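One structure is given below, encoded as structure tokens.
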Amino acid sequence: MTARTRVLGRAGQYLALLAYLVFLAFPFLWLISTAFKSPRELGSLHPTWIPRHPTLDNFRQAFDEQPLLHAGLNSLIAAVSAALIAVVIATPMAYVMARHRGRLATAATGWVVVSQAFPFVLLIIPLFLVLKNLRAINSVGGLVMVYVVWSLPFALWMLNGYVRAVPAELEEAAAVDGAGRLRTLVSVTAPLLAPGIVATALFAFITAWNEFFFALVLLKSPEKQTLPVVLTHFLGAEGVADLGPLAAAAFLATLPSLVIFALIQKRITGGMLAGAVKS
Amino acid sequence: MTSTTVHARSAARKPTNSRRGADRRGAGAWFLVLPALLPILVLSVGPLLYGIALAFTDSQSGRTTSTQWVGLLNFRDLAHDGLFWDSFRIGLLWAVGVTVPQFLLALGLALLLNQKLRLRWLARALAIVPWAMPEVVVGIMWRLVYQPDAGILNETARTLGLGGGHDWLTGLATALPAVIVVGVWAGMPQTTVALLAGLQNTPVELHEAAAIDGAGAWRRFRTVTWPALKPVALAITALNFIWNFNSFALVYVLTNGGPGGRTRLPMLFAYEEAFRYGQFGYAAAMGCVMVAVIAVCLALFLVGRLGEGDDK
């Protein structure tokens with residue numbers, strides 16, 4: 001390999017990287033740009049990247065047109081409850097999956113994989129009927145139950161990886177020192193697992209915060225709906241949309257998950273990989 | 001191995017208790033699993049079986065008379081439902097059309113991110129963004145990009161002298177390709193992250209040895225990188241195919257199945273059938289057909305993988 005081809009290769013790599021950066025970033029930059037444009041600029045036939053007269057009017061108008069605050073609150077309640085419950089019930093099961101090599105662990109792992117293949121229609125129709133009979137339709141509580149189960153596979157997967165990362169020798173050492181099983185779990189394993197549990201909870205939060213299909217089907221009255229469902233109301237009939245407020249609301253709805261994702265990005269990818277690589 | 005020594009030691013200390021201890025551990029495991037297992041059974045496995053059963057009934061929403069078993073009637077109707085098969089074909093076209101470019105682009109990006117390049121951190125951060133965004137927002141965002149007048153795509157086309165004013169999402173010919181581009185964009189992060197992980201598991205020494213032996217980049221990829229990457233690549237591709245085939249929110253927001261059903265994925269079709277027209281039984285039958293197709297695809301895929309394993 002000559003020095004010349006190496007330089008050319010490097011240049012090619014940077015060119016490719018640049019192309020990827022543009023492809024990945026431009027829709028998002030366009031969303032932000034649209035959110036800050038004045039109505040006049042949005043109506044112009046030659047749109048620009050940088051708003052010439054940046055304005056916050058779109059945000060104000062978005063809040064006027066749709067109950068964004070209320071929908072955000074519904075989303076927050078649903079996502080926080082779902083994340084907390086999911087992690088509380090998934091952690092013990094993930095522990096068993098990682099530590100006991102039995103039929104139970106195999107079945108659980110199998111279910112985690114198979115559950116990825118369900119078409120949601122086959123779940124949502126019966127769930128709709130059952131929740132309707134329980135009068136839990138149109139309630140955020142019913143949605144939380146669905147979200148908990150829906151986020152369990154991935155939570156189990158991630159936590160399974162984190163448990164495996166805790167050396168079993170530590171637990172055995174504690175057992176030899178005379179600590180009971182529960183005591184070992186609480187004082188040795190749990191503290192080491194804590195960061196992984198937090199990451200899993202945050203991921204479950206994002207999953208629920210972003211979810212659309214179940215919320216669309218299960219929540220009928222406007223005052224119960226979550227943010228993604230309310231966002232689609234901006235689209236109106238026949239796809240005629242008020243672009244500015246639409247962009248502003250969409251941008252706001254993304255912020256929480258983006259911020260959380262930025263904070264725990266390494267742990268999520270790490271957890272996903274730990275689950276994948278070590279099983 | 002260490003655990004057996006520990007158990008042996010405690011057994012030596014209290015020999016009479018060892019059997020009971022093992023029983024207690026088993027019971028303890030069940031106790032730990034139950035909090036997650038119960039909701040899974042009640043809200044996931046149960047509804048799934050119920051859903052399959054519904055496919056053999058004439059269940060409808062808002063009906064006063066009771067639901068009846070109708071056997072295979074729904075499936076017979078489905079077999080003659082041209083619209084359903086249209087949507088099925090579109091679903092497969094979409095799933096392949098998204099999964100393949102998604103994989104190739106993600107592979108390229110993962111290979112780049114595995115190099116020591118400047119701006120790699122920025123690319124890594126950006127590669128994650130679509131993953132964090134709600135699908136609804138991704139759909140809205142791309143509608144802004146595709147807008148006939150105010151969209152950046154048409155403006156770029158105008159600047160380049162290609163003419164503007166294209167209705168990308170409402171044109172009969174452009175709708176499906178336009179939606180596929182969004183699908184590729186939205187699903188790239190997971191694929192990239194998985195492939196990047198696979199790459200980081202390939203032994204560096206092998207790579208270096210091959211480089212010293214004078215193997216070019218392509219040969220090194222084919223002989224060292226790809227064999228190590230293959231299991232991850234196949235797994236993520238299978239998952240992507242399933243996810244894409246089952247996808248809903250993106251296309252619901254982008255086109256709602258239009259124009260003229262050109263982007264009506266099976267999930268959109270089943271959703272309308274169930275929740276617009278109230279045909280629960282019929283929609284459940286569609287779900288069953290979708291599961292069957294996915295199962296067959298997976299089976300073929302697994303058989304292919306096992307076959308390859310035999311060759312080695």
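Since we're looking at a predicted model, the values are computed, not measured. A, B, ... follow the sequence lines: proteins, then strands. Residue 1 opens every chain.
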- [ ] Can you see which heavy atom on B:Q190 is nearest to which on B:I236, and at what distance?
- [x] O-CD1, 4.3 Å

TODO: Name the option with the most non-hydrogen atom pairs under 4.5 Å to chain A; the candidates are B:M290, B:M133, B:R120, B:E135.
DONE: B:M133

Task: Between CG on residue A:L218 and NZ on residue A:K132, distance to nearest 0.5 Å - done: 12.0 Å

Open item on the list: Taking every non-hydrogen pair under 4.5 Å, which of A:F120, A:F28, A:W209, A:W111 racks up the most with chain B?
Closed with: A:W111

Task: When B:I152, B:L43, B:L34, B:L113 are compared by non-hydrogen pairs under 4.5 Å with chain A, the top option - done: B:I152

Open item on the list: Between A:Q13 (side chain only) and A:L17 (backbone N and O only), is there a donor and an acceptor less than 3.5 Å apart?
Closed with: no

Open item on the list: I'd like to know which of B:A123, B:A270, B:A249, B:S44 tops the heavy-atom pair count under 4.5 Å against chain A.
Closed with: B:S44

Open item on the list: Please classify the contact between B:L111 and chain A as side chain, backbone, both or neither, with a heavy-atom cut-off of under 4.5 Å.
Closed with: neither

Task: Interface moiety of A:F128 toward chain B, non-hydrogen atoms closer than 4.5 Å - done: side chain

TODO: Heavy-atom distances under 4.5 Å only: say whether A:L18 touches chain B with side chain, backbone, both or neither.
DONE: neither

Open item on the list: If we define contacts as heavy-atom pairs under 4.5 Å, which of B:G51, B:A132, B:A125 has the most with chain A?
Closed with: B:A132

- [ ] Examine whether an atom of A:Y20 lies under 4.5 Å from a heavy atom of chain B, and if so say whether it belongs to the side chain, the backbone or both; otherwise answer neither.
- [x] side chain

Task: For A:A250 against A:L31, the heavy-atom pair lying closest together - done: CB-CD1, 4.1 Å

Open item on the list: I need the residue from B:A235, B:G151, B:S61 with the largest number of non-hydrogen atom pairs under 4.5 Å to chain A.
Closed with: B:G151

- [ ] Can you tell which part of B:V232 gets under 4.5 Å to a heavy atom of chain A, answering side chain, backbone, both or neither?
- [x] neither

Open item on the list: Counting only non-hydrogen atoms closer than 4.5 Å, does A:W150 touch chain B with its backbone (N, CA, C, O), its side chain (CB onward), both, or neither?
Closed with: neither

Task: Segment of B:I294 engaging chain A (4.5 angstrom heavy-atom cut-off) - done: side chain

Task: B:V136 versus chain A, the contacting section by heavy-atom distance below 4.5 Å - done: side chain

- [ ] Identify the heavy atoms of A:L159 and A:A94 that sit nearest to each other, and give their distance.
- [x] CB-CB, 3.4 Å

TODO: Please flag which part of A:R99 lies under 4.5 Å from any non-hydrogen atom of chain B: side chain, backbone, both or neither.
DONE: neither

Task: Heavy-atom contact with chain A under 4.5 Å, split by part of B:R118 - done: both

Task: Per-residue contact mode, B:F245 against chain A (heavy atom under 4.5 angstrom) - done: neither

TODO: For B:E155 and B:R158, indicate whether the former's side chain and the latter's backbone hold a donor-acceptor pair under 3.5 Å.
DONE: no

- [ ] Answer with side chain, backbone, both or neither: which region of A:V121 has an atom nearer than 4.5 Å to a non-hydrogen atom of chain B?
- [x] both

TODO: Grab the two heavy atoms, one from B:L112 and one from B:L117, that are nearest each other, plus how far apart they are.
DONE: O-CD1, 3.7 Å

Task: is_close_aromatic(A:F26, A:W30), centroid dist under 6.0 Å - done: no

Task: Within-4.5 Å side-chain heavy-atom neighbours: B:L41 and B:L37 - done: yes

Open item on the list: I need the residue from A:P27, A:G9, A:P92, A:A249 with the largest number of non-hydrogen atom pairs under 4.5 Å to chain B.
Closed with: A:P27

Open item on the list: Need one label for A:A247: side chain, backbone, both or neither, based on atoms under 4.5 Å from any heavy atom in chain B.
Closed with: both

Task: Closest-packed option against chain B by number of heavy-atom pairs under 4.5 Å, given A:T91, A:L231, A:I85 - done: A:L231

Open item on the list: Under a 4.5 Å cutoff for heavy-atom pairs, which residue among A:L258, A:T232, A:V217 has the most contacts with chain B?
Closed with: A:V217

- [ ] Inspect the surroundings of CH2 in A:W49 and state if more than 12 heavy atoms from other residues, nucleotides or ligands are less than 6.0 Å away.
- [x] yes

Task: Per-residue contact mode, B:W185 against chain A (heavy atom under 4.5 angstrom) - done: both

Open item on the list: Tell me which one of B:V138, B:L265, B:N244 satisfies side chain to side chain contact (heavy atoms under 4.5 Å, CB included) with B:L250.
Closed with: B:V138

- [ ] Side chain from CB out, backbone as N, CA, C, O: work out which of these in B:Q115 comes under 4.5 Å of a heavy atom of chain A, or both, or neither.
- [x] side chain

Open item on the list: Strictly distance-based, threshold 3.5 Å: is any side-chain N or O of A:S115 a donor or acceptor partner for the main-chain N or O of A:P153?
Closed with: no

Open item on the list: To the closest 0.5 Å, what do you measure between CG (B:L126) and CZ (A:F23)?
Closed with: 12.0 Å

- [ ] Tell me, for B:L144 versus chain A, whether the close heavy atoms (under 4.5 Å) come from the side chain, the backbone, both or neither.
- [x] both

TODO: Keeping the roles fixed (side chain from B:N154, backbone from B:P148), state whether a donor-acceptor pair exists under 3.5 Å.
DONE: yes

Open item on the list: Need one label for B:F275: side chain, backbone, both or neither, based on atoms under 4.5 Å from any heavy atom in chain A.
Closed with: side chain

- [ ] Could you check which of A:L129, A:V148, A:L156 has the highest count of heavy-atom pairs closer than 4.5 Å to chain B?
- [x] A:L129

Task: Side chain, backbone, both or neither of B:Y271 within contact of chain A (heavy atoms, under 4.5 Å) - done: both

Open item on the list: Which heavy atom of A:L127 sits nearest to which heavy atom of B:P47, and what is that distance?
Closed with: CD2-CG, 3.9 Å

TODO: Run the numbers on A:T207 and A:F154 for side chain to side chain contact (heavy atoms under 4.5 Å, CB included), then give the verdict.
DONE: CA-CA 10 Å; A:T207 314; A:F154 205 74; over 6 Å; no

Open item on the list: Could you measure the distance from the CG atom of A:L246 to the CD1 atom of B:I140? Nearest 0.5 Å is fine.
Closed with: 4.5 Å

Open item on the list: At a 4.5 Å cut-off on heavy atoms, which part of A:L42 comes close to chain B: side chain, backbone, both, or neither?
Closed with: backbone

Task: B:A274, part contacting chain A, at a heavy-atom distance under 4.5 Å - done: side chain

TODO: Kindly give the heavy-atom pair with the smallest separation between B:Y50 and A:P126, and that separation in Å.
DONE: CD2-CB, 3.5 Å

TODO: Please state whether the side chain, the backbone, both or neither of B:L109 comes within less than 4.5 Å of a heavy atom of chain A.
DONE: both

Task: Atom group of A:T34 that falls short of 4.5 Å from chain B, counting heavy atoms - done: side chain

TODO: Output the option from B:A53, B:G287, B:A150 having the highest count of non-hydrogen pairs under 4.5 Å with chain A.
DONE: B:A150

TODO: Please confirm whether the backbone N or O of A:I137 pairs with a side-chain atom of A:K220, one donor and one acceptor, at under 3.5 Å?
DONE: no

Task: Segment of B:L122 engaging chain A (4.5 angstrom heavy-atom cut-off) - done: both

